[in-house]
Q: 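What follows is a single structure, and I will ask about it in a moment.
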Amino acid sequence: EVQLVESGGGVVQPGGSLRLSCGASGFSFDDYAMHWVRQAPGKGLEWVSLLSGDGERTYYADSVKGRFTISRDNSKNSLYLQMDSLTIEDTAFYYCAKDIKKSRSWYDFYFDYWGQGTLLTVSS
Amino acid sequence: DIQMTQSPSSLSASVGDRVTLTCRASQSVFNYLNWYQQKSGTPPRLLIYGAFNLQSGVPSRFSGSGSGTDFTLTISSLQPEDFATYHCQQSYRTPLTFGGGTKVEI
């Protein structure tokens, strides 16, 4: 059974930093690209970032480019999101999501499994 | 960026109703359109991919259609467990974008 478990959320002051983690199990982690998707409370979904299975290709939403860094440790079946220079607008539930395509290098840009999410609150 | 617009933003329906939700893209996404269902307090669940392909385990009362810029998700006979918010998402190019969602209420 595929499981994705996010952790690391919390309350951070504007301008602060935080690192989110996502532990994966139930599938061959390095064979799949992984994404972060966020959802502000009561709002719609916003894609944040993508990292290929081999860790070579990254994509970011413009709203986080230059501030967030996605990474993975395939030996630990873990995905990370380093978030710097946080603003109030980054307040959201952050979900890690698995790309549907089995490939270390490529992706289909949509998601067949999601974690339960971790809440980041940016507030002074 | 490709803007995705869903309509209506919410609708009220009854068990057994046929329900049609609409998603429009600001430019053609061909068939790279996916639908997700999200119930309160839970993550989204993939329902339809590639505009009309039913994800494994999804009941056949769900169907998708459309191509280019205009897409629909149809629930042929609404069940109690279908009351949720439905999101469309284009997977044609980055940045990947979602519609604002349609909330289906009793």
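Keep in mind that what you see is a predicted model, and the values were worked out from it rather than measured. The figures here come from the full heavy-atom set of this structure, side chains too, leaving out hydrogens, waters and symmetry mates. Each chain gets a letter, A, B and so on, in the order the sequences are listed, and its residues count up from 1.
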Q: Does CZ belonging to A:F93 count more than 12 external heavy atoms closer than 6.0 Å?
A: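 Atom CZ in A:F93 is not crowded, with 12 or fewer foreign heavy atoms closer than 6.0 Å.
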Q: I need the B:L96 CG to A:L45 CG distance, nearest 0.5 Å.
A: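 One finds 12.0 Å between CG of B:L96 and CG of A:L45.
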Q: Following the transitive rule for hydrophobic clusters with a side-chain heavy-atom cut-off under 4.5 Å over Ile, Leu, Val, Met, Phe, Trp and Tyr, establish whether B:M4 and B:F52 coincide in one cluster.
A: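 Looking at the clustering, B:F52 is in a separate group from B:M4.
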Q: Out of A:F109, A:Y107, A:W47, A:F111, which one pairs with B:S91 under the side-chain contact (heavy atoms from CB on, under 4.5 Å) rule?
A: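 It is A:F109; the other options fail the test.
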Q: Hydrophobic cluster membership, with links at side-chain heavy-atom distances under 4.5 Å among I/L/V/M/F/W/Y: are A:F29 and A:V2 in one?
A: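 As far as the 4.5 Å side-chain criterion goes, A:V2 and A:F29 are connected within one cluster.
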Q: Counting only non-hydrogen atoms closer than 4.5 Å, does A:Q39 touch chain B with its backbone (N, CA, C, O), its side chain (CB onward), both, or neither?
A: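 Contact with chain B is through the side chain of A:Q39 alone.
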Q: Is the ring pair B:Y36/A:W114 parallel, tilted or perpendicular, if the boundaries are 30 and 60 degrees?
A: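 The arrangement is perpendicular - the two ring planes meet at more than 60°.
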Q: Of all of B:Q90, B:R93, B:Q89, which one pairs up most often with chain A through heavy atoms under 4.5 Å apart?
A: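 Between B:Q90, B:R93, B:Q89, the count favours B:Q89.
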Q: Between B:L46, B:D1, B:T85, which shows the greatest number of heavy-atom pairs under 4.5 Å with chain A?
A: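 Of the options given, most contacts go to B:L46.
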Q: How far apart are the closest heavy atoms of B:P43 and A:G115, and which atoms are they?
A: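 Reported closest heavy-atom pair: CB-O, 3.1 Å.
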Q: First locate atom CD of B:Q55, then atom CG of A:D112, and finally report the distance between them rounded to the nearest 0.5 Å.
A: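 Here the interatomic distance stands at 6.0 Å.
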Q: Tell me, side chain or backbone of B:Q38 under 4.5 Å from chain A's heavy atoms, or both, or neither?
A: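 Only the side chain of B:Q38 comes within 4.5 Å of chain A.
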Q: Is A:V37 in contact with chain B via its backbone, its side chain, both, or neither, using a 4.5 Å heavy-atom distance?
A: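 The side chain, not the backbone.
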Q: Are B:Y92 and A:Y110 connected into the same hydrophobic cluster when the rule is that any two of I, L, V, M, F, W, Y join if their side-chain heavy atoms are below 4.5 Å apart?
A: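 Unlinked, A:Y110 and B:Y92 end up in two clusters.
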Q: So, for B:T42 and A:Y95, which heavy atoms are closest and what is the spacing to 0.1 Å?
A: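 Residues B:T42 and A:Y95, closest heavy atoms: O-OH, 3.9 Å.
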Q: Tell me, yes or no, whether the heavy-atom count around A:R104 atom CZ, taken from other residues, nucleotides or ligands under 6.0 Å, exceeds 12.
A: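 Enclosed: over 12 neighbouring heavy atoms sit under 6.0 Å from CZ of A:R104.
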Q: Would you mind checking which part of A:L50 comes under 4.5 Å of any heavy atom in chain B, side chain (CB onward), backbone (N, CA, C, O), both or neither?
A: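 For A:L50, no heavy atom lies under 4.5 Å from chain B.
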Q: If you group Ile, Leu, Val, Met, Phe, Trp and Tyr by side-chain heavy-atom gaps below 4.5 Å, do A:Y113 and B:I48 land in one group?
A: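 A:Y113 does not cluster with B:I48.
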Q: Should B:F98 and A:Y94 be regarded as members of a common hydrophobic cluster, given that ILVMFWY residues are connected when their side-chain heavy atoms come within less than 4.5 Å of each other, either directly or indirectly?
A: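 Unlinked, B:F98 and A:Y94 end up in two clusters.
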